[in-house]
Amino acid sequence: MPTASPTVNTTLPIGPHAVQPPVVLAPMAGITNAPFRTLCREYSGGKGLFVSEMITTRALVERNEKTMQLIRFDASEQPRSIQLYGVDPATVGKAVRMIAEEDLADHIDLNFGCPVPKVTRKGGGSALPFKRNLLRAILREAVAGAGDLPVTMKMRKGIDDDHITYLDAGRIAVEEGVTAIALHGRTAAQHYGGTADWEAIARLKEHVPEIPVLGNGDIWSADDALRMVRETGCDGVVVGRGCLGRPWLFADLVAAFEGRPDGYVRPTLREVADAMVRHATLLGEWIGDQSRGVIDFRKHVAWYLKGFAVGSEMRRRLAVTSTLEELRAGLDELDLDQPWPSGADGPRGRTSGNNRVVLPDGWLKDPYDCAGVGEDAELDTSGG
Ligand SMILES: Cc1cc2nc3c(=O)[nH]c(=O)nc-3n(C[C@H](O)[C@H](O)[C@H](O)COP(=O)(O)O)c2cc1C
């Protein structure tokens with residue numbers, strides 16, 4: 001039987017927004033668009049905070065068409081959270097000012113956690129906090145440009161075990177007026193491998209008592225979320241891969257923090273199939289083309305079906321459907337009375353890691369030099 005304690009049902013202040021319970025959907029590129037956020041919010045009863053996928057600041061200030069589409073929110077989304085990725089203080093400042101002046105969002109999160117080699121090779125993403133002065137300049141511009149909008153940051157522990165940056169970065173964030181910090185308890189070198197270091201989350205909480213610290217990494221169930229809060233003292237949790245193909249985890253998270261373990265959702269395959277069709281439908285409406293919605297949905301199929309008895313041939317077929325009718329027809333051929341399988345719990349999504357981090361030449365020589373980052377560190381990145 002799941003355990004839950006009402007003692008952790010606290011409020012997470014993100015500027016003027018009181019997030020209760022303190023649960024946040026992690027930004028995930030290609031995943032946490034308006035349809036997925038809407039699904040998660042429906043399961044949570046509107047509680048929690050749901051962050052957009054990452055938007056690059058240069059594309060935003062250039063009003064790139066695709067980017068402008070990515071930042072559209074559903075009318076029900078409140079507060080509207082945008083995650084920005086940028087490497088140049090002036091561009092970040094412009095992007096934040098644009099969001100504030102044009103009322104495009106209610107909260108801005110800055111991404112300093114991306115471990116993708118094509119980004120770190122230029123000094124961007126999770127390589128950037130190593131350059132303390134550059135990090136400070138970006139945060140300063142962002143906070144100044146945001147006016148009354150709260151600015152938060154999300155980061156990893158550092159580049160690798162020999163180049164840990166999160167404590168310095170946390171202090172800099174406090175000094176520059178950042179509202180809250182989320183820490184993914186892995187280094188860039190770990191990518192998604194190994195286990196997240198929750199002790200680091202506890203250490204950050206002690207190091208920056210002035211502002212809320214959000215813990216992130218390896219929350220696969222609502223009970224994991226409660227355990228993270230208890231073990232680290234963090235002020236809230238950020239949940240990513242655990243929600244892939246499982247937006248109802250948000251119902252569990254809310255129930256857990258409210259001390260209602262009987263509110264945990266364990267859908268049958270029939271209910272999962274309905275959720276899949278709804279997700280694909282919402283994607284189609286959002287994209288403005290039903291077939292493209294179903295095609296975009298393909299990447300979610302395996303996650304939704306995880307642990308259920310569905311043959312590999314049928315899994316393949318469902319992952320290449322192009323219309324809602326095909327998707328529904330395929331799902332209707334399954335044994336839909338299957339209960340939620342225990343094999344569906346536990347890790348899902350990317351779990352590999354331990355790569356060498358590719359950095360610009362000489363990057364690690366001086367943490368305080370004022371090197372800038374190549375503009376191309378901002379290109380078309382995906383991930384954190
Ligand atoms: C497919 C995918 C896309 C991601 N995209 C982003 C992103 O755009 N911005 C970001 O800060 N982190 C991104 N992340 C990292 C997650 O936000 C989160 O920090 C990480 O998955 C660890 O949390 P988890 O163990 O709950 O998944 C991404 C992760 C995945 C798996």
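When reading the values below, keep in mind they use all heavy atoms of this one structure, side chains included, and skip hydrogens, waters and symmetry mates. In listed order, ligands and their atoms are each counted from 1.
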Full working for side-chain contact (heavy atoms from CB on, under 4.5 Å) between Arg136 and Glu176: CA-CA 7 Å; Arg136 187 184 291 283; Glu176 297 303 329; 2.8 Å; yes
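For ligand 1, the polar-atom distance check finds an N/O of Pro27 within less than 3.5 Å of one of the ligand's N/O atoms. For a threshold of 3.5 Å applied to N or O pairs, the pair formed by Asp218 and ligand 1 contains at least one separation below that value. Looking at ligand 1, you won't find any N or O of Glu53 less than 3.5 Å from one of its N or O atoms.
Listed by number with element, the atoms of ligand 1 under 4.0 angstrom from any heavy atom of Ala26 are 17 (O). Taking every heavy atom of Ala29 and a limit of under 4.0 angstrom, the matching atoms of ligand 1 come to 3 (C), 4 (C), 5 (N), 6 (C), 7 (C), 8 (O).
Not a single heavy atom of Tyr85 sits less than 4.0 Å from an atom of ligand 1. Within the 4.0 Å heavy-atom cutoff, Arg350 counts among the residues contacting ligand 1. Using 4.0 Å as the threshold, Gly242 has no heavy atom nearer than that to any atom of ligand 1.
In this structure, the side chain of His17 does not engage the main chain of Leu49 through any donor-acceptor pair within 3.5 Å.
The option with the heavy atom closest to atom 9 (N) of ligand 1, from among Gln83, Met54, Lys299, is Gln83.
Residues Met155 and Leu204 are in side-chain contact: their nearest non-hydrogen atoms beyond the backbone lie under 4.5 Å apart. Two residues are said to be in side-chain contact when any heavy atoms from C-beta on lie closer than 4.5 Å; Arg97 and Glu141 meet this criterion.
Aromatic pair His300/His279: centroids less than 6.0 angstrom apart.
Using a 30° and 60° split on the angle between ring planes, Phe250 and Phe50 fall in the tilted class, from 30° to 60°.
With a 4.0 Å cut-off on non-hydrogen atoms, Lys154 touches ligand 1 through its side chain and not its backbone.
Annotation: cation-pi pair Arg278/Phe297 absent, no NZ/CZ under 6.0 Å from the ring centroid and within 45° of its normal.
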